[in-house]
Amino acid sequence: MINITLKDGTIKEFEKGSSVLDIAKAISSGLARVAMAAEVDGQLADLRKPILQDSSLHINTFDDKNGKEAFWHTSSHILAQAVKRLFPEAKLAIGPAIDNGFYYDFDVKDPFTPEDLERIEEEMAKIVKEDYKIERFEMPRQEAIEQMERAGEIYKVELIKDLPEDAVISFYKQDDFADLCAGPHILSTGKVKAIKLLSVAGAYWRGSEKNKMLQRIYGVSYPKKSQLDEYLERLEEAKKRDHRKLGKDLDLFSILEEGPGFPFFHPKGMVLRNELENYWRQEHVKAGYQEIKSPIMLNKDLWVRSGHWDHYKENMYLSKIDESDFAIKPMNCPGSMLLYKRRIYSYRDLPLRMGELGLVHRHELSGALHGLMRVRSFTQDDAHIFMLPDQIKDEIVGVIELVDSFYDVFGFKYHVELSTKPEEAMGSDEDWDRAIGALKEALEHKGIDYTINEGDGAFYGPKIDFHLEDSIGRTWQCGTIQLDFQMPERFDLTYIGPDGEKHRPVMVHRVVFGSIERFIAILTEHYAGAFPAWLAPVQVKLLAITDRSNDYIRQIADLFKDSNIRAEIDLRNEKIGFKIREAQMEKVPYMLIIGDKEVETGTVSVRSRSKGSLGTMKLDEFKELLLKEIENKDL
RNA sequence: GCCAAUAUAGCUCAGCUGGUAGAGCAGCAGUUUCGUAAACUGCAGGUCAGGGGUUCGAAUCCCCUUGUUGGCUCCA
């Protein structure tokens with residue numbers, strides 16, 4: 001007998017060799033029904049796994065990450081089986097679970113059409129209905145290779161050959177379909193009640209553009225139809241919030257054929273932008289930053305010196321002036337370096353914080369462009385901090401606090417990642433270790449949880465990334481802090497220490513918004529276009545009931561203008577319901593409805609975009625209320 | 001850049017298997033002066049992304065280019 005410690009801490013005795021499923025059944029048949037995967041002593045395990053010794057056991061359902069993965073992984077096998085039934089010549093590549101569903105890559109002669117997708121979905125429904133039991137079996141390496149070769153599954157052969165010599169080669173089989181797979185899988189195909197195939201796309205084998213492009217089918221599935229419907233509704237909601245749609249509807253920005261990836265900002269989009277930049281400047285002055293502006297175009301020598309010519313040339317726009325090569329800046333740092341070098345600094349001058357709202361241009365692949373999220377020219381709210389080595393921790397802590405205060409204002413939650421040395425990097429391992437150590441120290445000092453992203457750092461140093469979470473749970477990378485021991489070296493930056501000698505300062509690059517353009521896109525989707533009053537392009541709309549109130553309305557508009565309130569007036573010959581509807585669709589925070597009553601009593605009838613009618617107020621009373629809301633940046 | 005889909009009026013979209021474009025909203029003109037999410041009537045608006053081809057005839061079929069969308073890759 002063996003002792004099994006369950007999630008709630010109870011210990012139960014089971015026969016040695018009992019499977020996870022046996023144990024689940026013994027606990028309750030309900031649990032066994034919803035069990036999808038398990039963790040045995042913290043290790044992911046299949047329900048079929050026999051347990052041979054005392055262990056701790058967590059049974060995972062669809063509500064757990066592991067359970068979802070097993071469920072979606074099984075769904076991808078159902079997809080593969082369906083494709084094999086309909087397209088026997090299709091070769092199978094890989095088919096994992098992903099964050100929101102699953103995919104499977106196939107090598108087929110002709111790409112799948114939307115009609116094919118429908119047929120495949122129908123075939124999958126059949127496989128579900130037929131409710132095949134899913135069985136696991138193992139095969140010796142050589143035998144597995146031979147069998148896959150016979151079947152013409154060249155990708156599977158490659159996968160097996162890449163597994164370590166001593167790896168257990170397992171397969172999962174349902175009906176006559178077996179697929180190489182480490183598992184875990186759920187018990188039968190019948191549990192996958194609701195399936196939706198979402199899209200087909202080309203995807204390179206093993207993610208490398210040197211390899212053949214395969215056809216990838218994406219899908220989602222749920223144990224219940226209602227859950228699938230809910231998910232599809234969420235997709236619809238995300239679509240409604242899409243900043244590209246709202247940007248058009250709210251007249252914020254556009255991207256024209258004449259400038260792919262180069263956005264135009266409309267007057268209303270500029271209000272948003274300017275508010276963000278004003279706030280940024282205000283907070284950065286408070287935090288002890290100076291502001292600079294470096295040129296957009298600088299000569300080749302500079303980019304060679306900074307290392308960009310070697311490491312970033314593919315992404316740079318190049319040009320010539322007279323006979324010399326120039327480049328449009330893809331980053332602001334080299335310009336900052338030059339400004340640091342304009343004079344000699346004492347150790348007493350450090351840390352020196354130089355901020356720059358810098359417009360950078362980067363050549364992005366045409367297929368990568370996406371609204372304001374992925375563009376070819378954008379403004380980074382950049383800053384470079386030059387400091388003494390023993391100031392690193394305090395400065396990084398300072399930036400972390402600044403970033404935190406910004407995200408709080410917008411109501412974002414966030415998580416933090418630490419990225420380490422990439423393959424193509426400048427500098428020694430020792431420098432990198434030192435830099436990574438400093439970043440870790442700062443994070444730990446602030447008690448911030450973080451995950452490590454191996455090999456994802458910039459070519460000049462490791463970085464801390466801030467991934468913020470929007471109101472519908474998606475995450476976006478915005479702020480980043482990058483430590484850089486390289487640039488000061490390359491530009492021979494120095495300061496004079498207490499000993500009268502020259503020393504090398506340390507530098508960080510950091511952004512809070514990341515890119516103003518991207519941040520505006522994220523804000524638009526986060527607020528679904530209903531910006532808080534301080535950001536709203538129009539803060540209040542004055543709606544006339546009849547033209548007898550026009551003069552009074554114009555007076556109010558002037559008064560608001562003097563108080564820096566962004567007001568619009570609507571004196572058109574339309575019914576009040578019509579004007580309200582329009583203002584509501586423009587997502588203006590406040591509407592003032594003004595007719596004879598208001599004119600007589602010097603009041604306004606206030607309607608809030610979110611709360612509806614707020615009743616009648618004295619004009620000054622409303623003005624104070626709005627000004628306070630703007631001042632406080634209320635959400 | 002690669003794979004696929006796609007491009008019709010300012011916006012959202014019709015236009016079946018080829019027979020030289022249509023709606024709603026927005027715009028403009030007039031009527032209506034009206035109290036919390038759409039008043040009424042009329043008018044105007046498009047070289048059907050651009051170029052080439054097939055055809056008696058192309059928005060519709062084919063090819064190329066460009067943009068966009070979903071992915072891959074890359075990234076703020």
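Chain letters run A, B, ... following the sequence lines, proteins first and then strands; every chain starts at 1. Bear in mind that the values here come from a model prediction, so they are computed numbers and not experimental data.
- Of the candidate nucleotides B:C2, B:C72, B:C34, B:C72 has the atom nearest to the side chain of A:Tyr218.
- Look at the C1' atom in both B:U66 and B:U12: the space between them is 24 Å, to the nearest Å.
- Residue ring and nucleobase are not stacked for A:Phe578 and B:A39 under a centre distance beneath 5.5 angstrom and an angle between planes beneath 30°.
- With both pairing distances under 3.5 Å, B:U47 is matched to nothing as a Watson-Crick or G-U wobble pair.
- Atom NE2 of A:His308 is separated from atom C1' of B:A76 by 13 Å (rounded to the nearest Å).
- Set against B:C72, B:A4, B:A39, the side chain of A:Pro111 has B:A4 as its closest nucleotide.
- Here the nucleotide nearest the side chain of A:Arg548, chosen from B:C2, B:C34, B:A37, is B:C34.
- Counting to the nearest Å, the P atom of B:U36 and the CD atom of A:Glu598 are 12 Å from each other.
- Interatomic distance, A:Lys196 NZ to A:Ser75 OG, rounded to the nearest 0.5 Å: 15.0 Å.
- Candidate nucleotides B:A38, B:C3, B:G35 were compared by shortest atom distance to the side chain of A:Arg581, and B:A38 ranks first.
- As the counterpart of B:U54, no nucleotide is assigned, since no Watson-Crick or G-U wobble pattern has both distances under 3.5 Å.
- A 3.5 Å limit on both hydrogen-bonding distances identifies no Watson-Crick or G-U partner for B:A9.
- Atom pair A:Lys587:NZ and B:A37:C1' shows a separation of 13 Å (rounding to whole Å applied).
- Remark: P of B:C75 and CH2 of A:Trp476 are 17 Å apart, rounded to the nearest angstrom.
- At a threshold of 4.0 Å, the pair A:Arg119-A:Glu123 does not count as salt-bridged, since none of the basic side-chain nitrogens sits closer than that to a carboxylate oxygen.
- When the P atom of B:G35 is taken as reference, atom CD of A:Gln584 falls 19 Å away, rounded to whole Å.
- For the C1' atoms, the distance from B:A23 to B:C62 is 31 Å, rounded to whole Å.
- Looking at A:Glu417 and A:Lys463, no side-chain N of the basic residue comes within less than 4.0 Å of a carboxylate O on the acidic one, giving no salt bridge.
- Closest to the side chain of A:Glu257, out of B:A38, B:G67, B:U12, is B:G67.
- A salt bridge links A:Glu275 and A:Arg566; the closest N-O separation between the charged side-chain nitrogens and carboxylate oxygens is under 4.0 Å.
- Here, B:C48 and B:G35 have their P atoms 47 Å apart, quoted to the whole Å.
- Between A:Lys421 and A:Glu454 there is no salt bridge, since no side-chain nitrogen of the basic residue lies less than 4.0 Å from a carboxylate oxygen of the acidic one.
- Counting only heavy atoms from C-beta on, A:Phe378 has its side chain closest to B:A76 among B:C11, B:A76, B:G1.
- Residue A:Arg572 contributes atom CZ, which lies 16 Å from atom C1' of B:A29 at whole-angstrom precision.
- Residue A:Ile545 places its side chain closer to B:G35 than to any other of B:U68, B:G1, B:G35.
- Using modelled atom types, no side-chain atom of A:Asn453 and backbone atom of A:Ser419 make a donor-acceptor pair closer than 3.5 Å.
- For B:C16, there is no paired nucleotide, since no Watson-Crick or G-U wobble pair has both relevant distances below 3.5 Å.
- Exactly one residue among A:Phe410, A:Tyr279, A:Phe466, A:Trp476 makes a ring-ring contact (aromatic ring centres under 6.0 Å, His included) with A:Phe519. That residue is A:Phe410.
- When the P atom is compared between B:G15 and B:G71, the two are found 26 Å apart, to the nearest whole Å.
- Of the charged side-chain nitrogens involved, none lies within less than 4.0 Å of a carboxylate oxygen, so that A:Lys240 and A:Glu236 do not count as a salt-bridged pair.
- Spacing between atom CG of A:Leu365 and atom P of B:C74 amounts to 10 Å, rounded to whole angstrom units.
- A straight line from CD of A:Glu586 to C1' of B:A26 spans 12 Å, rounded to a whole angstrom.
- Checked against B:C11, B:C74, B:G70, the side chain of A:Lys248 finds its nearest nucleotide in B:C11.
- Shown here, B:A21 forms no base pair; nothing in the strands shown gives a Watson-Crick or G-U wobble contact with both key distances under 3.5 Å.
- Minimum atom distance to the side chain of A:Ala201 is reached by B:G70, of the listed B:G70, B:U36, B:A76.
- Look at the C1' atom in both B:A58 and B:G67: the space between them is 22 Å, to the nearest Å.
- Judged by atom type and distance alone, A:Glu364 reaches the base of B:A76 through a side-chain donor-acceptor pair under 3.5 Å.
- Base pairing of B:C40: its partner is B:G30, meeting the Watson-Crick or G-U wobble criterion (both donor-acceptor distances under 3.5 Å).
- Between B:U36 and A:Ser613, no contact under 4.0 Å exists linking OP1 or OP2 to a side-chain N or O.
- Each of B:A76, B:G1, B:A39 was ranked by its minimum atom distance to the side chain of A:Lys575; first place goes to B:A39.
- Nucleotide B:A4 is matched to B:U69 when pairs are restricted to Watson-Crick or G-U wobble geometry with both distances under 3.5 angstrom.
- Residue-to-nucleotide contacts include no donor-acceptor pair under 3.5 Å from the side chain of A:Tyr204 to the base of B:G71.
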